[in-house]
Amino acid sequence: QVQLVESGGGLVQAGDSLTLSCAASGRTVSSYDMGWFRQAPGKEREFVAGTTWSGGSLYTADYADSVKGRFTIWRDNAKNAVYLRMNSLKPEDTAVYYCAAERLGGARRKTFVAADFGSWGQGTQVTVSS
């Protein structure tokens, strides 16, 4: 199982930006589907962004409709890390953000469901004030 540690969260104002980092150890992220999920108090954990393998050394990026156009996910295999750039933050983005990983399968992942991911970080708090 890969170990994941998130960082980069904080308190920001609406419209500001943050970049979250997820550092991995024990395994290489290049061989894993990676996802960012978030959970607000009293709500279910929801998918935010994910990246999976599309062939060769290429990786895809997928986003929840609520963050599409504002958030960007990418990998840095040399650093064994995955990142989430969050622009134009809104109060609705306030949540604990979690990095998650699951070993790549024989076919491209079509959905990112929290229950399908076996490795999780401890989470990093993002708070957006209005």
Side-chain angles (χ1 to χ4, degrees):
Q1 190 174 25
V2 62
Q3 289 76 51
L4 306 171
V5 179
E6 303 97 332
S7 63
L11 173 62
V12 298
Q13 297 179 351
D16 285 352
S17 298
L18 280 175
T19 299
L20 305 183
S21 300
C22 175
S25 61
R27 300 290 189 275
T28 57
V29 299
S30 62
S31 61
Y32 281 78
D33 289 333
M34 303 296 298
W36 286 98
F37 297 79
R38 67 188 182 188
Q39 187 166 20
K43 295 190 175 182
E44 298 293 319
R45 190 167 299 187
E46 66 174 348
F47 167 71
V48 176
T51 176
T52 187
W53 179 75
S54 63
S57 62
L58 301 178
Y59 295 87
T60 64
D62 298 278
Y63 303 93
D65 289 341
S66 60
V67 306
K68 189 174 297 183
R70 298 189 295 123
F71 290 11
T72 303
I73 185 173
W74 75 96
R75 304 171 187 248
D76 187 332
N77 290 336
K79 295 183 180 294
N80 203 30
V82 63
Y83 303 88
L84 182 70
R85 176 66 174 178
M86 305 183 294
N87 293 324
S88 302
L89 283 163
K90 305 174 180 179
E92 308 93 271
D93 296 318
T94 296
V96 177
Y97 283 70
Y98 297 91
C99 179
E102 182 62 30
R103 185 80 180 187
L104 290 172
R108 175 186 172 182
R109 180 178 296 276
K110 296 182 178 180
T111 60
F112 290 80
V113 179
D116 291 340
F117 285 75
S119 298
W120 293 84
Q122 83 289 349
T124 184
Q125 176 71 48
V126 173
T127 303
V128 185
S129 63
S130 60

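Keep in mind it's a predicted model, so treat the numbers as computed, not measured. By convention here, the first residue in the shown sequence is residue 1. Scope of the values below: all heavy atoms of this structure, side chains included, with no hydrogens, waters or symmetry mates.
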Supply the atom-to-atom distance [X] [atom1] to [Y] [atom2], rounded to the nearest 0.5 angstrom.
X	Y	atom1	atom2	value
Ser7	Gln122	OG	CD	8.5 Å
Ser17	Arg85	OG	CZ	4.5 Å
Tyr59	Leu104	OH	CG	6.5 Å
Tyr83	Asp76	OH	CG	5.0 Å
Lys90	Ser130	NZ	OG	14.0 Å

Do [X] and [Y] come close enough that some side-chain heavy atom pair is under 4.5 Å?
X	Y	answer
Trp53	Ser31	no
Arg70	Tyr63	no
Ile73	Val82	yes
Thr94	Gln125	yes

Measure from NZ or CZ of Arg45 to the centre of the six-membered ring of Tyr98, then state whether that distance is under 6.0 Å and the direction lies within 45° of the axis.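 Yes, Arg45 lies over the aromatic ring of Tyr98.
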
State which residue, out of Glu46, Glu44, Glu6, fulfils the salt bridge (charged side-chain N to carboxylate O under 4.0 Å, His left out) condition with Arg38. Glu46

Minimum heavy-atom distance between Asp93 and Val128, given as atom pair plus value: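 Heavy atoms of Asp93 and Val128 come nearest at CB-CG2, 4.4 Å.
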
Determine the minimum heavy-atom distance between Trp36 and Leu84, stating which atoms define it.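 In this case the closest contact between Trp36 and Leu84 is NE1-CB, 3.5 Å.
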
Qualifying residue, where the test is side-chain contact (heavy atoms from CB on, under 4.5 Å) with Phe71 and the options are Leu89, Asn87, Leu20: Leu89

Member of Lys110, Glu102, Met34, Arg109 meeting the side-chain contact (heavy atoms from CB on, under 4.5 Å) criterion with Thr52: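 Only one option passes, and that is Arg109.
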
Name the orientation class of the two ring planes belonging to Phe37 and Phe117 (parallel below 30°, tilted from 30 to 60°, perpendicular beyond 60°).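 Aromatic pair Phe37/Phe117 classed perpendicular.
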
Assess the residue pair Lys68 and Asp65 against the criterion (salt bridge (charged side-chain N to carboxylate O under 4.0 Å, His left out)); give the C-alpha distance rounded to whole Å, side-chain angles, the decisive distance to 0.1 Å, and a yes or no. CA-CA 5 Å; Lys68 189 174 297 183; Asp65 289 341; 3.7 Å; yes

Group every Ile, Leu, Val, Met, Phe, Trp and Tyr by side-chain heavy-atom contacts under 4.5 Å, then state whether Leu4 and Val126 land in the same group.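 In one cluster: yes.
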
